[in-house]
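For reference, the structure is listed below as structure tokens.
Chain letters run A, B, ... following the sequence lines, proteins first and then strands; every chain starts at 1.
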Amino acid sequence: MTLLSRLLKNSQFSARADKSALLAIIDFSYQHYALGDLLTTQVNLATRATEQDLRHIDVVAMVNPKFPSTRYQPFITSANYITHLDNIMAVFTCNPMLRSLQIVRDVRTFNLIVLSCHVAGAPMSPDLETHLAMRQDYPVNHHMLNSFYARRGYLPELRAPHDLEAWARDFHRSELGGRPFAVINPRQSSLTDSPAVTYRDAPLDAWYRFLDAVGAHRPEFMFVMVGGFQEWEHRLLHRRNVFVPRASGLTLAHELALMKIADLFMGTSSGFATFATFTRVPYAILNVQRDFAQYAGVNPDDRHYPFARANQILTWHPETTEELLQLFDEVLAKSADQGGSSGDRAPEPDQANRWKAVAQ
Amino acid sequence: MIERISKWLLAQAPQWVEHPNWLIRRTSQLTVLGSLGTRITVHGLGHPLDKEHEKHEQFIESFATSPSLRDYVQARRPLQHRIGVLARTLLLLQGADARLRELARSQQSTFALKIEGRLDQRVLRNLLIWHNHVVRSSFDDREERAIDIALVLASACGDERRVFELISASFMLEQVRNISVFWGEESVDLAVPTLISNTAPDCQRARREAWDLGRTPVDLVDYVTRRGTAGGIKVVQDARKRTQDFFKTALLGQVVIAVSLKEDADGTVDPTELAWLLHALDTVVERHSRLGFVILNRLAPSRWQRWPAHIRFARHQGFSLQDAISIAQFADGYIGVLDIFGLAANAAARPGIYVPLDEGELLAPPAVEHSPAVVKDRQVMLASCDRARIESALISFLEDLGRL
């Protein structure tokens, strides 16, 4: 930054910026359009702002239409970046300290904002040096979060996208009949336009048997399947205990809001699982990649993140019907112990054995 | 002297920066960036430039979108990385400098749009009315000005659950470049860092009166309801593709009519309106089986039922708001209210029956009970919510389309 200081030394100008807020830069020329990473980034920003005693976060998301994505997402082009950007807008509003959101598509405006913030000496994340070096590690790690938790005993929690938690409660009451519900997200990348690491896709037959088994013994329990419209098989809609928000014209924002009030989340380690990770929602995150352990600051096969509650469980291998049923019971039972919501009900003592029979 | 050398170098630059020889190419690129650094050091930021220099600025800016610059910046080799970061630092200054000059010389480019109270179908419609009839009408016809909008959600107790739809629609507006959302009026000034140079006035912070999207003047709403609108929407390319795929797979060979009806407070279609429309369509569809209707509004899940084959709900088939706007623009016809979908269809010259979103918003007709419909290019602007009139216009319009 010495060069910048030298270049600016003779220029006579002044800069103004609110030093009680953190300016968060999301520049998609080197940062990913990825639900999980963007959500982790929101929590990282909130911890950074809290550490610096800041009151707000102002997010500036920069997309240069001529250069809309990183080299790792070449399928996002000038012709379709708006769709991708539109899809992830809700993520920024999950930030618990958000005060403003600027979506900038003009490099000049963006550069002026960044330079003004730097010259004013106002807090910015990433710092100017990191931004200029286009440095961003993937996946976004939990190191800062773990150390924040270790020092303070809590983590900032993601909130439902702006104003939608009230909508979710209304919707739960009016459209889901107030029934207890789990949000599910078995990964199905192979059904999307840009399939990736499809070997991590969830075994759907195991899931179908699980849904039917729960349906047989707890018919009041609903499953809300979240994820892109392409990411589920039509057979799912045949089940009376399944609701698919995207098949009712709802969006990611609605799905995240529903997750926030769900009785539990069960799904493959992915973007939705990240949302659960940074909320109080009880969860079973399945088939976490062993490689991810180093980024999360845990060991493979650990059952919990350092900051997780007892009813927030990880698994590190592909799931089976039996395991899904056991996890379902375990998470709900632990939630009931902790005085969970009205939707939580402890399973009967012989439930586990019955699940086994059903699964077979 | 420095200025003369810099001018000469810049004049030569375009022919050298893409030279096939690596050394010449990179040297000339660094020279261009070096001259930029020199200019900023000597003159400071925001210094006015002549036309020739401005042209060169755009040329320099194209470096910022070069994949090889990113390769340099992200390179593991220290020298390459340092050169890349140096170039990016200079480009950061160049961009900020260019924006300061732009602010100093141009007219207003940032417009504040206030939303107080419920963010509903009317607010979404008013966004397009504002874009097409307030902002664009103030521009010179030949001007292709990009504007920035600041959406100010002013009321703490307002229902803003549809803010994402407002953002989605804003992405599609032709003139709109940058979009900001501020929660609370007080954050507008605080949230944006500004730079004030000795040569450019503080244009960034200049306060403008916000346009209230909830209270568009009655005469403007009346004008648009009777005469329609034109242009204003830039169709997202992949939304167009999805639209055409949908027409070809789900409605192959059918005459596609996009439909939008009044919505309830939660953004779902008003069930009474829907029931009435479906009943009105029954007789026409019996005679013209080629007609297919795509409803663009969301339907509450509890209202879902088995629908006849000629009725589709786009939003329930995985289509976003942007896709639905695209469907309105590419369908063979449109029937329904003049909400954002209705205006989009109207702007794309789709034949149709266009009904006011709320008759109460119109100027009172002078003497007659209902003002006559305005018909132009098979677009019938009804300016009335009278169901008998709508039904009669609808049947006549669909009979015509059904014969296609």
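- For A:T251, no part lies under 4.5 angstrom from a heavy atom of chain B.
- If you measure heavy-atom distances from A:A90 to chain B, the contacts under 4.5 Å come from both the backbone and the side chain.
- Contact annotation for A:F110: neither backbone nor side-chain heavy atoms come within less than 4.5 Å of a heavy atom of chain B.
- Interface remark: A:R99 contributes backbone and side-chain atoms alike to the contact with chain B (heavy atom separation under 4.5 Å).
- When A:V104, A:L164, A:T109, A:L85 are compared by the number of non-hydrogen pairs under 4.5 Å with chain B, A:T109 comes out ahead.
- Looking only at heavy-atom pairs under 4.5 Å with chain B, the residue among A:Y30, A:Y81, A:W167 that has the most is A:W167.
- Of the atoms belonging to A:A79, heavy atoms from both backbone and side chain fall under 4.5 Å from chain B.
- Atom CG of B:L100 is separated from atom CG of A:N111 by 11.0 Å, given to the nearest 0.5 angstrom.
- Listed for the B:R99 side chain is no donor-acceptor partner under 3.5 Å among the backbone atoms of A:L112.
- Taking all atoms of both residues into account, the shortest heavy-atom contact from B:N178 to A:D106 is OD1-N, 3.4 Å.
- Proximity of A:F92 to B:V181: side-chain heavy atoms (C-beta onward) are nowhere separated by under 4.5 Å.
- Of the atoms belonging to B:L299, it is backbone heavy atoms, and not side-chain ones, that fall under 4.5 Å from chain A.
- The main-chain N or O of A:M134 is found under 3.5 Å from a side-chain atom of B:Q74 such that the two form a donor-acceptor pair.
- Between chain B and the residues A:G228, A:S78, A:S29, the largest count of heavy-atom pairs under 4.5 Å involves A:S29.
- A 4.5 Å side-chain heavy-atom check between A:I103 and B:F171 finds at least one atom pair inside the cut-off.
- Other residues, nucleotides and ligands contribute only 12 or fewer heavy atoms inside 6.0 Å of the CZ atom of B:R240.
- Atoms CG and NE2, on B:D238 and A:H84 in that order, are 6.5 Å from each other to the nearest 0.5 Å.
- Neither the backbone nor the side chain of A:T77 has a heavy atom closer than 4.5 Å to any heavy atom of chain B.
- Interface remark: of the candidates A:A257, A:P161, A:A247, A:A247 forms the most heavy-atom pairs closer than 4.5 Å to chain B.
- Considering only heavy-atom pairs separated by less than 4.5 Å from chain B, the leading option among A:M89, A:H254, A:Q230, A:K66 is A:M89.
- The CZ atom of A:R71 sits 6.0 Å away from atom CZ of B:R70, with the distance rounded to the nearest 0.5 Å.
- Within the 4.5 angstrom heavy-atom criterion, only backbone atoms of B:L91 (N, CA, C, O) approach chain A.
- Within the 4.5 angstrom heavy-atom criterion, only side-chain atoms of A:D170, from C-beta onward, approach chain B.
- Formation of a donor-acceptor pair under 3.5 Å by the A:Q102 side chain with backbone atoms of B:S180 is not found in this model.
- For B:D71, the parts sitting under 4.5 Å from any heavy atom of chain A are the backbone and the side chain alike.
- In this structure, the separation between CZ on A:F171 and CZ on B:R161 is 11.5 Å, given to the nearest 0.5 Å.
- We find the NE2-CZ distance between B:H81 and A:R135 to be 5.0 Å, quoted to the nearest 0.5 Å.
- Interface residue A:A253: only side-chain heavy atoms are found under 4.5 Å from chain B.
- Checking side-chain atoms of B:R88 against main-chain N and O of A:H131 turns up a donor-acceptor pair under 3.5 Å.
- Panel note: side chain A:R105, backbone B:V176; a donor-acceptor pair is recorded below 3.5 Å.
- The minimum heavy-atom distance between A:L115 and B:A96, with the atom names listed, is CD2-CB, 3.6 Å.
- Residues B:H316 and A:F229 have side chains not in contact (no heavy-atom distance under 4.5 Å, counting atoms from C-beta outward).
- What you find for B:F164 and A:H162 is that their closest heavy atoms are CZ-N, 4.1 Å.
- Note on A:D18, A:D58, A:N80, A:D86: by heavy-atom pairs under 4.5 Å with chain B, the leading option is A:D86.
- Note on B:G95, B:S320, B:G84: by heavy-atom pairs under 4.5 Å with chain A, the leading option is B:G95.
- Judged by distance alone, the side chain of B:R298 and the main-chain N or O of A:L250 form no donor-acceptor pair under 3.5 Å.
- With a 4.5 angstrom heavy-atom cutoff, A:V114 touches chain B only via side-chain atoms.
- Interface summary for chain A: among B:A239, B:G318, B:P301, B:S170, the most heavy-atom pairs under 4.5 angstrom belong to B:P301.
- Shown here for A:E175 and B:S302, the closest heavy-atom pair between the two residues is OE1-N, 2.6 Å.
- Residue A:L176 does not touch chain B at all, counting heavy-atom pairs closer than 4.5 Å.
- In this structure, OG in A:S248 is found 12.0 Å from CZ in B:R315, a value given to the nearest 0.5 Å.
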